[in-house]
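Bear in mind that the values here come from a model prediction, so they are computed numbers and not experimental data. FYI, the numbering just counts along the sequence from 1.
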Amino acid sequence: MNPFDHQFMQLALRQAALGQNSATPNPCVGCVLVKDGQVVGAGFSQPAGGGVVQGAPGAHAEVMALSMAGDLARGATAYVTLEPCSHHGRTPPCADALLKAGVVRVVAALTDPNPLVAGQGLARLAAAGVEVSSGVLHAAALEHHKGFISRMVRSRPWLTVKMGASLDGRTALANGQSQWITGPAARSDVQKLRARSCAMLTGIGTVLADDPQLTVREFVIDRQPLRVVVDSQLRTPVSAKLFNQAGILIVGAQDDELKRRALEAAGAEVLILADAHGRVDLAALLNELGLRGCNQVTVEAGGVLVGALFQAGLVDEMLLYQAPVMIGDTAKGIATLDLSDLKHKLQAKVLERRLFGDDLRLTLRFTDAGEFYVK
């Protein structure tokens with residue numbers, strides 16, 4: 001391994017972060033080209049849907065870096081956060097582009113779990129005489145690409161629950177009032193979380209109580225996340241603020257033709273996914289979102305839906321914004337859970353503690369992406 005591999009892979013990961021709000025459903029890959037110890041090209045995955053951040057629509061990170069490097073790519077080393085693709089999708093194979101440009105070494109942080117790639121990109125390069133290696137900054141790349149990897153391996157997105165709570169673990173008063181427990185700095189950070197999300201998931205209770213928009217509003221974004229409402233009886237009012245922006249999926253358990261037609265006329269898509277108990281099948285819903293190309297889904301909902309997601313084993317992560325306030329034990333809790341013994345408690349790993357103004361953000365992990373990543 002080159003002693004500078006870590007340094008240049010860090011640069012590739014920084015490039016990848018530039019596309020994290022726009023690359024979906026593609027993974028937001030970063031690529032850096034290095035020749036004689038100098039960076040000669042850099043790029044990140046462009047929006048697949050046509051919005052352009054830095055160049056050709058849908059262009060992969062390797063192509064962007066090669067375009068910047070030009071003739072300097074010949075004899076260079078490419079550092080990529082995910083194995084170069086080897087198949088024809090929306091764009092030609094990146095492995096072929098690297099070969100054509102004369103790159104002599106390729107260092108990947110991760111092999112691609114996509115069955116269409118799965119080591120074939122590196123194998124193609126090696127067969128053509130290119131020196132290849134993988135695993136540099138593996139953990140950091142796995143964290144960055146966890147949503148895409150989850151969709152490829154588990155056929156469902158990475159699910160993050162966002163919660164704002166008081167010191168006594170309450171999220172809203174008994175009458176439903178919740179605006180605002182946390183301060184402006186924490187709420188601004190939530191806007192960044194929404195921007196990274198492919199979909200925002202909420203429940204009908206939150207829609208009726210808070211009338212949220214669930215959109216990114218504080219800064220310009222190439223695309224808005226899909227808004228998904230778990231609404232068993234199709235009670236979402238067509239006057240809801242959700243309808244101010246296109247891209248709404250209402251998921252019910254009981255079909256009602258009149259309600260469905262009204263919601264569709266207002267601009268929503270309605271999907272019926274019932275489980276054996278007559279409730280929305282949450283696992284099937286996440287699989288459906290995976291089929292639609294969603295890599296990361298964020299939940300902003302009340303305790304009933306959050307508790308149901310936890311009890312179904314579907315929550316990977318929680319971002320808990322805890323404000324230094326007390327609102328009383330009659331207020332609503334974080335999650336409705338029915339545990340008969342403490343041995344069934346849900347144990348999280350604390351990844352990070354960070355202050356936003358006076359509010360503490362806890363990043364709590366219930367799933368280790370390394371458990372399902374297949375090298």
Practice prompt. Please report the closest heavy-atom contact between Leu72 and Ala76, naming both atoms and the distance.
Written response: O-CB, 4.0 Å

Worksheet item: Do any N or O atoms from the side chain of Thr182 and from the backbone of Ala186 form a donor-acceptor pair under 3.5 angstrom?
Response: no

Practice prompt. For residues Pro212 and Thr206, determine if any side-chain heavy atom of one lies less than 4.5 Å from a side-chain heavy atom of the other.
Written response: yes

Response to the item:
Looking only at heavy atoms, the pair that brings Ala69 and Leu33 closest together is CB-CD1, 3.7 Å

Item to complete: For Phe356, enumerate each residue passing the ring-ring contact (aromatic ring centres under 6.0 Å, His included) test, keeping only those at least two apart in sequence or located in another chain.
Response: none

Worksheet entry | Donor-acceptor side-chain pairing of Arg196 and Asn21 below 3.5 angstrom | no

Practice prompt. Decide yes or no on side chain to side chain contact (heavy atoms under 4.5 Å, CB included) for Val103 and Leu66, but give the supporting numbers first.
Written response: CA-CA 9 Å; Val103 169; Leu66 290 170; 4.2 Å; yes

Worksheet item: Are Glu264 and Arg261 ion-paired here, with the side-chain N under 4.0 Å from a carboxylate O?
Response: no

Worksheet item: Is there a side-chain contact between Arg217 and Arg194, using heavy atoms and a 4.5 Å cut-off?
Response: yes

Worksheet item: Is a side-chain donor-acceptor pair under 3.5 Å present for His144 with Thr81?
Response: no

Worksheet item: Is any NZ, NE, NH1 or NH2 atom of the basic residue among Arg105 and Asp5 found under 4.0 Å from an Asp or Glu carboxylate oxygen of the other?
Response: yes

Worksheet item: Do you reckon Leu98 sits in the same ILVMFWY cluster as Met68, going by side-chain contacts under 4.5 Å, direct or chained?
Response: no

Practice prompt. Supply the atom-to-atom distance Asp71 CG to Lys35 NZ, rounded to the nearest 0.5 angstrom.
Written response: 8.5 Å

Item to complete: Output yes when Arg154 and Asp316 qualify as a salt bridge under the 4.0 Å nitrogen-oxygen rule, no when they do not.
Response: yes

Worksheet item: Passes side chain to side chain contact (heavy atoms under 4.5 Å, CB included), Asn287 versus Leu285? Steps please.
Response: CA-CA 5 Å; Asn287 287 337; Leu285 169 56; over 6 Å; no

Discussion item. In this structure, would Leu271 and Leu291 fall into the same cluster of hydrophobic residues linked by side-chain contacts under 4.5 Å?
Written reply: no

Fill in: Straight-line distance of Ser155 OG to Leu289 CG, nearest 0.5 Å
12.5 Å

Worksheet, complete the sentence: One should read off an interatomic distance between Gln311 CD and Leu346 CG, to the nearest 0.5 angstrom, of 8.0 Å

Worksheet entry | Ion pair Arg124/Glu83, N-O distance below 4.0 Å | no

Fill in: Residue pair Arg223, Thr24: steps toward the side chain to side chain contact (heavy atoms under 4.5 Å, CB included) verdict
CA-CA 10 Å; Arg223 48 135 201 114; Thr24 184; 3.3 Å; yes

Practice prompt. Report yes if the side chains of Leu214 and Gln245 come closer than 4.5 Å at any heavy-atom pair, otherwise no.
Written response: no

Discussion item. Using the rule that Ile, Leu, Val, Met, Phe, Trp and Tyr join whenever any side-chain heavy atoms are under 4.5 Å apart, tell me whether Val40 and Phe4 fall into a single cluster.
Written reply: no

Item to complete: Please answer whether the main-chain N or O of Thr363 pairs with a side-chain N or O of Arg354 as donor and acceptor at a distance below 3.5 Å.
Response: no

Worksheet entry | More than 12 heavy atoms of other groups within 6.0 Å of Asp338 CG | no

Discussion item. Set out, in order, the CA-CA distance, both residues' side-chain angles and the distance that settles salt bridge (Lys or Arg N to Asp or Glu O under 4.0 Å) for Lys162 and Glu317, then state yes or no.
Written reply: CA-CA 9 Å; Lys162 167 264 167 184; Glu317 178 181 62; over 6 Å; no

Item to complete: Please examine the side chains of Val106 and Leu122, heavy atoms only from C-beta on, and report whether any two atoms are closer than 4.5 Å.
Response: yes

Fill in: Partner of Asp231 by side-chain contact (heavy atoms from CB on, under 4.5 Å), out of Val251, Val270, Ile250
Ile250

Practice prompt. Indicate if Leu320 and Leu305 have the same hydrophobic cluster label, given that clusters are the connected sets of ILVMFWY residues with side-chain heavy-atom separations under 4.5 angstrom.
Written response: yes

Discussion item. Any carboxylate oxygen within less than 4.0 angstrom of a Lys/Arg side-chain nitrogen, looking at Arg227 and Glu300?
Written reply: no

Discussion item. So Met318 and Phe310, do their side chains get closer than 4.5 Å, heavy atoms only?
Written reply: yes

Worksheet item: Do you know the tightest heavy-atom contact between Ala65 and Gly43?
Response: CB-N, 3.9 Å

Worksheet item: Where the side chain of Gln233 meets the backbone of Gly252, is there a donor-acceptor pair that is under 3.5 Å apart?
Response: no

Worksheet entry | Least distance between heavy atoms, Ala59 atom then Val63 atom | CB-CG1, 4.4 Å

Worksheet item: So, Glu352 and Arg361, do they make that salt bridge, N to O below 4.0 Å?
Response: yes

Worksheet item: Transitively linked via ILVMFWY side-chain contacts under 4.5 Å: Leu362 with Val306?
Response: yes

Worksheet item: To the nearest 0.5 Å, what is the distance between CD1 (Ile149) and CG (Asn295)?
Response: 10.0 Å

Worksheet item: If you count the non-hydrogen atoms of other residues, nucleotides and ligands that lie under 6.0 Å from CG in Asp368, is the total more than 12?
Response: yes

Practice prompt. Carefully, step by step, assess Phe148 and Asn26 under the rule side chain to side chain contact (heavy atoms under 4.5 Å, CB included).
Written response: CA-CA 8 Å; Phe148 175 74; Asn26 291 335; over 6 Å; no

Fill in: Separation of Asp112 CG from His145 NE2 (nearest 0.5 Å)
9.0 Å

Worksheet entry | Pairwise side-chain contact, Pro324 with Asp359, heavy-atom cut-off 4.5 Å (strictly under) | yes

Worksheet item: Do the ring planes of Trp158 and Phe372 sit parallel (below 30°), tilted (30 to 60°) or perpendicular (above 60°)?
Response: tilted

Fill in: Validation row: Leu364, Leu319 side chains within 4.5 angstrom (heavy atoms)
no

Response to the item:
dist Leu258:CG -> Leu263:CG (nearest 0.5 Å) comes out at 11.0 Å

Worksheet item: Looking only at heavy atoms, what is the nearest atom pair of Ala253 and Gly278, with distance?
Response: CB-O, 3.3 Å

Worksheet item: Quick check: does any side chain N or O of Asp36 sit under 3.5 Å from a backbone N or O of Gln38, one acting as donor and the other as acceptor?
Response: no

Worksheet entry | Min side-chain heavy-atom separation Glu131-Val104 under 4.5 Å | no

